[in-house]
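The structure under discussion appears below in the form of structure tokens.
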Amino acid sequence: MYTLSANQYGKAEIHLVRIYRDSPRHEIRDLTVTTSLRGDFEDAYTTGDQSKVLPTDTQKNTAFAFAKTHGEGAVEDYALALGRHFVDNDEFAREATIEVLVDGWDRVVVGGAEHEHTWVRRGPERRTVRVDAVGTGDDQRLEVTGGVTDLVILKSTGSEFHGFHKDEYTTLGETDDRILATSIDAAWRFGTFPADWDAAFDAARAALVGTFATWHSLALQQTLWQIGQAVLDAVPELAEVKLAAPNKHHFLYDFSRFTVEPPIPNDNEVFHADDRPYGLIEATVTRS
Ligand SMILES: O=c1[nH]c(=O)c2[nH]c(=O)[nH]c2[nH]1
């Protein structure tokens with residue numbers, strides 16, 4: 001005997017672009033939306049009865065329609081409307097998760113002036129929004145998590161790594177001056193909703209990058225702990241911050257192997273940027 005112990009279904013990576021063209025200066029919003037529904041869907045798997053399954057195609061259509069009908073506020077408002085819609089209107093869906101990746105576009109500058117309807121793509125950093133909607137009516141629970149993914153950041157000094165535990169396989173040298181580089185994934189969960197989602201995002205992101213820059217790091221672990229606290233300090237509505245940071249190693253290139261005269265110095269100037277393997281440092285910081 002086997003049990004279908006978990007299931008969910010939805011449409012992944014609905015890539016939609018909304019242009020706001022109320023004035024000659026257009027605005028752009030570029031979203032990649034994933035919907036997931038959980039509820040009374042076991043029969044669809046175990047007997048093949050699809051009578052309770054709202055097609056993923058319909059979920060995709062709804063995401064596009066809501067970009068027009070619920071697209072005036074912040075991305076969080078759009079995701080909340082979509083999540084609420086599924087649990088409120090689909091009698092078989094008990095829980096909905098809406099995940100949104102937001103691609104940034106920067107306005108092109110022509111002759112010193114920002115162009116009104118042309119942008120170049122930012123990136124790879126993307127803002128993230130996740131809404132979990134559970135239940136209906138007075139018992140409904142709505143959870144919002146904001147964040148960033150692929151925020152690539154590097155500091156060329158102000159980072160050390162020494163005093164670590166060693167065994168017979170340890171070869172890593174100790175350093176009191178190294179490059180610290182990473183690509184941060186951060187997810188901050190709101191305990192209460194802020195008045196202004198965009199201002200909350202800006203404050204959290206500024207705390208993250210500002211702390212990375214200014215904190216003199218003894219390890220990526222310590223930097224993450226500092227970032228987590230700074231983000232919670234910056235946005236009082238946040239309950240928790242999850243951070244994942246691959247250590248993008250930069251190894252000093254060893255010129256001492258060359259026989260060239262005079263020898264070429266390398267005073268922390270030329271590095272081999274190695275993409276893998278990488279250390280992966282993770283932390284969750286929670287408001288007590
Ligand atoms: O900040 C770091 N933390 C580590 O755990 C670690 N391990 C390693 O080899 N280099 C680093 N750097």
Side-chain angles (χ1 to χ4, degrees), residues 101-102 104 122-128 130 145-190 200-235 238-258 263-288:
L101 292 166
V102 186
R122 207 181 297 153
E125 176 184 346
R126 298 199 277 188
R127 177 172 170 176
T128 62
R130 175 188 169 118
T145 304
V148 285
T149 185
D150 293 333
L151 191 161
V152 181
I153 187 165
L154 177 153
K155 64 195 291 183
S156 54
T157 188
S159 164
E160 310 181 19
F161 189 63
H162 51 75
F164 42 82
H165 184 51
K166 299 177 189 75
D167 69 8
E168 60 271 43
Y169 299 109
T170 303
T171 59
L172 185 71
E174 315 221 0
T175 176
D176 59 7
D177 189 6
R178 65 171 183 174
I179 284 181
L180 185 62
T182 182
S183 168
I184 296 181
D185 283 353
W188 42 77
R189 183 169 57 78
F190 288 88
F201 174 82
D202 290 343
R205 187 188 179 284
L208 190 164
V209 299
T211 304
F212 185 91
T214 56
W215 184 262
H216 185 98
S217 176
L218 297 181
L220 196 43
Q221 284 90 329
Q222 188 207 27
T223 296
L224 291 193
W225 166 239
Q226 293 299 327
I227 287 174
Q229 294 176 88
V231 169
L232 293 177
D233 277 350
V235 182
L238 291 178
E240 188 173 88
V241 186
K242 275 195 163 89
L243 298 158
N247 192 353
K248 290 179 164 283
H249 302 294
H250 287 66
F251 298 111
L252 193 68
Y253 207 79
D254 183 5
F255 290 162
S256 71
R257 296 169 297 164
F258 302 158
I264 307 172
N266 192 2
D267 186 16
N268 262 349
E269 290 173 301
V270 180
F271 295 86
H272 171 213
D274 210 10
D275 72 338
R276 69 192 72 174
Y278 49 87
L280 181 59
I281 315 297
E282 299 175 87
T284 300
V285 183
T286 307
R287 198 182 293 281
S288 305

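Everything quoted here is computed from the prediction, not taken from an experiment. We number each residue from 1, following the sequence as shown. As the structure lists them, so they are numbered: ligands from 1, and atoms in each ligand from 1.
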Next on the checklist: If the cut-off is 4.0 Å to any non-hydrogen atom of Q221, which atoms of ligand 1 fall inside it?
Outcome noted: 1 (O), 2 (C), 3 (N), 4 (C), 5 (O)

Next on the checklist: Counting only heavy atoms from other residues, nucleotides and ligands, does the tally under 6.0 Å from OH of Y278 exceed 12?
Outcome noted: no

Checklist entry - Are there more than 12 heavy atoms of other residues, nucleotides or ligands under 6.0 Å from atom CZ of F251? => result yes

Item to check | Polar contact flag for R178 and ligand 1 (N/O pairs, less than 3.5 Å) | outcome: yes

Checklist entry - Identify the closest protein heavy atom to atom 9 (O) of ligand 1: which residue and atom is it, and at what distance? => result L172 CD2, 3.4 Å

Next on the checklist: I need the nearest protein heavy-atom contact for atom 6 (C) of ligand 1: residue, atom name and distance, please.
Outcome noted: F161 CZ, 3.2 Å

Item to check | Whether F258 and Y253 hold their rings parallel, tilted or perpendicular, with breakpoints at 30° and 60° | outcome: tilted

Next on the checklist: When you compare the side chain of V235 with that of W188, does any pair of heavy atoms fall below 4.5 Å?
Outcome noted: no

Next on the checklist: Need the ligand 1 atom indices (1-based, order shown) with element for anything under 4.0 Å from a heavy-atom of L220.
Outcome noted: 1 (O), 2 (C)

Checklist outcome for this item: Under 4.0 Å between heavy atoms, the region of L180 that gets near ligand 1 turns out to be neither

Checklist outcome for this item: Atoms of ligand 1 under 4.0 Å from any heavy atom of A219, numbered from 1 in the order shown, are 1 (O)

Checklist entry - How about W215 and I227: do any of their side-chain heavy atoms sit closer than 4.5 Å? => result no

Item to check | Distance-only polar pair, side chains of T223 and S217, donor-acceptor under 3.5 Å | outcome: yes

